[in-house]
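Remarks on the structure that follows.
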Amino acid sequence: MNELFDVDYDGLIPNNVALNSDERVKRALEKWHPGYISWWHDMGPQGFQESLVYLRTAVSVDPKGWAKFDYVRMPEYRWGILLAPQVQERQVNFGAHKGEKAWQEVPGEYRAMLRRLIVIQGDTEPASVEQQRHLGKTAPSLYDMRNLFQVNVEEGRHLWAMVYLLHKYFGADGRDEADQLLQRRSGDADTPRMLGAFNEKTPDWLSFFMFTYFTDRDGKMQLEALAQSGFDPLSRTTRFMLTEEAHHMFVGETGVGRIVERTAQAMKEAGIEDPHDIAAVRKLGVIDLPTIQKKMNLHFSLTLDLFGNEISTNAANAYHAGMKGRFREERIKDDHKLESGTYPVLRLVDGKIVSEDVAALSGLNMRLRDDYVADAAIGVGRWNQGIAKYGIEFELKLPHVAFHRHIGEFSRTNADVDGNILPPAEWTKRRTEMLPSSADRDFIESLMQPESTPGQFAGWIAPPKTGIDNKPGDFEYVKIAT
Ligand SMILES: [Fe+2]
Ligand SMILES: [Fe+2]
């Protein structure tokens with residue numbers, strides 16, 4: 001057994017944090033456990049709780065090999081507490097405390113700030129499980145169904161990761177927050193989840209793939225920023241979450257890519273050259289490219305809202321305190337204090353979008369959002385290669401950051417996908433050119449017929465290039481209990 005990496009599976013809660021020698025936290029988590037399981041039964045994947053799913057479980061935190069694959073019933077999944085190995089002599093790498101020893105306990109002055117950061121991150125994890133709970137019934141293949149459930153159980157584990165920090169480091173308030181994480185519900189009128197995008201519906205599989213591509217990628221950016229934290233337990237927790245998160249974005253990128261490819265291929269086979277001949281394309285039983293663009297506009301814009309206000313005192317304070325850094329802080333060449341210097345921020349001034357230099361510390365949300373947009377553009381480029389391969393002239397494009405916003409500078413205006421400000425009436429008139437209409441949603445829904453024969457795929461999505469865990473094409477990823 002490698003002490004640094006291996007996970008103890010003996011008790012109720014698998015962990016590599018020596019829970020056995022921490023009686024107080026162990027008891028607190030064991031008390032929280034039944035509530036979690038009952039939440040999973042109530043709000044986890046609908047209809048497949050008895051099915052055997054070919055899932056990976058973390059058995060180590062060694063980056064070179066940490067997962068074991070096997071058939072599991074989801075309620076029996078071993079949700080555990082896994083921290084990346086401690087880095088000896090780690091220091092606070094940015095902010096006012098730069099160069100001091102990283103904190104192993106919560107610094108009193110930053111307690112409220114830190115708790116808030118952990119609760120907000122924690123709240124997103126169960127939210128997405130709730131949003132996706134009905135998708136199993138319309139899965140386009142067993143392969144996709146398995147990927148959905150893998151993402152779901154890992155979001156459940158991410159909730160455990162945050163709840164561990166709350167119980168371990170925040171006493172009675174932490175316990176209350178951990179309980180409330182099981183009480184809020186995505187989209188609930190009275191007790192919604194904390195952030196807007198996590199209260200939206202994920203009505204179909206194209207939405208699911210867009211969500212895992214765009215919204216899980218916000219998760220990646222937030223986790224990257226928290227992985228920099230001078231509060232070492234938060235850094236270690238989020239570093240391991242990032243290794244799991246990579247698969248979620250793989251599911252999103254390849255999912256959208258396979259839909260796009262299938263559409264382009266079907267068009268080519270039918271000799272349809274005009275991607276805007278929507279009726280003709282839909283007759284082929286595939287999703288037309290303009291509708292895919294509209295779904296992308298929706299999910300991208302909802303996700304941008306998660307980055308908060310462009311100019312933010314909270315973000316400045318969290319950075320100054322050494323609690324939340326920048327994306328890949330260690331690779332940035334500056335003083336890592338940001339007491340001087342500026343950052344260009346897009347603002348709405350006299351009805352126009354202009355770039356203004358603001359104090360670098362105030363513009364941190366904008367900076368993280370810029371890093372996000374650059375990261376999100378990479379996969380879009382790959383989707384476009386999939387279209388070009390079939391000689392179809394159509395390019396998917398990220399909409400302008402001012403488009404369809406509800407938080408920040410641009411929530412006060414109506415911009416189109418190119419960033420032109422429109423009068424409200426004009427925007428309303430053109431809305432369904434830019435965002436899915438109810439007819440678009442109905443069409444997509446009509447395609448959502450389940451395909452559960454091993455190796456078979458619904459007609460609107462191409463098969464993946466390779467299987468999970470190198471399994472052959474007809475592998476039975478889910479043994480559906482009847
Ligand atoms: Fe997550
Ligand atoms: Fe995720």
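Both backbone and side-chain heavy atoms feed into the values below; hydrogens, waters and symmetry mates do not. In this text, all values refer to a predicted model and were calculated from it rather than measured experimentally. In listed order, ligands and their atoms are each counted from 1.
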Looking only at N, O or S atoms, find the one in [X] nearest to the Fe ion (ligand 1) and name it.
X    : value
E155 : OE1
E125 : OE1
H158 : ND1

Find, among atoms of [X] that are N, O or S, the one nearest to the Fe ion (ligand 2), and state its name.
X    : answer
E245 : OE2
D216 : OD2
H248 : ND1

For residues 195-214, the salt bridge (charged side-chain N to carboxylate O under 4.0 Å, His left out) pairs (sequence neighbours left out) are D204-K295
Could you verify whether a donor N or O on one side chain and an acceptor N or O on the other, from Y319 and E329, lie under 3.5 Å apart?
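The answer is yes; a qualifying pair exists.
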Tell me if the centroids of the rings in W160 and Y36 come within less than 6.0 Å of each other.
yes
Side-chain donor/acceptor pairs under 3.5 Å, residues 114-121, sequence neighbours excluded:
from: R115; atom 1: NH1; to: D173; atom 2: OD2; distance (Å): 2.8
from: Q121; atom 1: NE2; to: E125; atom 2: OE2; distance (Å): 2.8

Are H33 and L29 close enough that some pair of their side-chain heavy atoms sits under 4.5 Å apart?
no
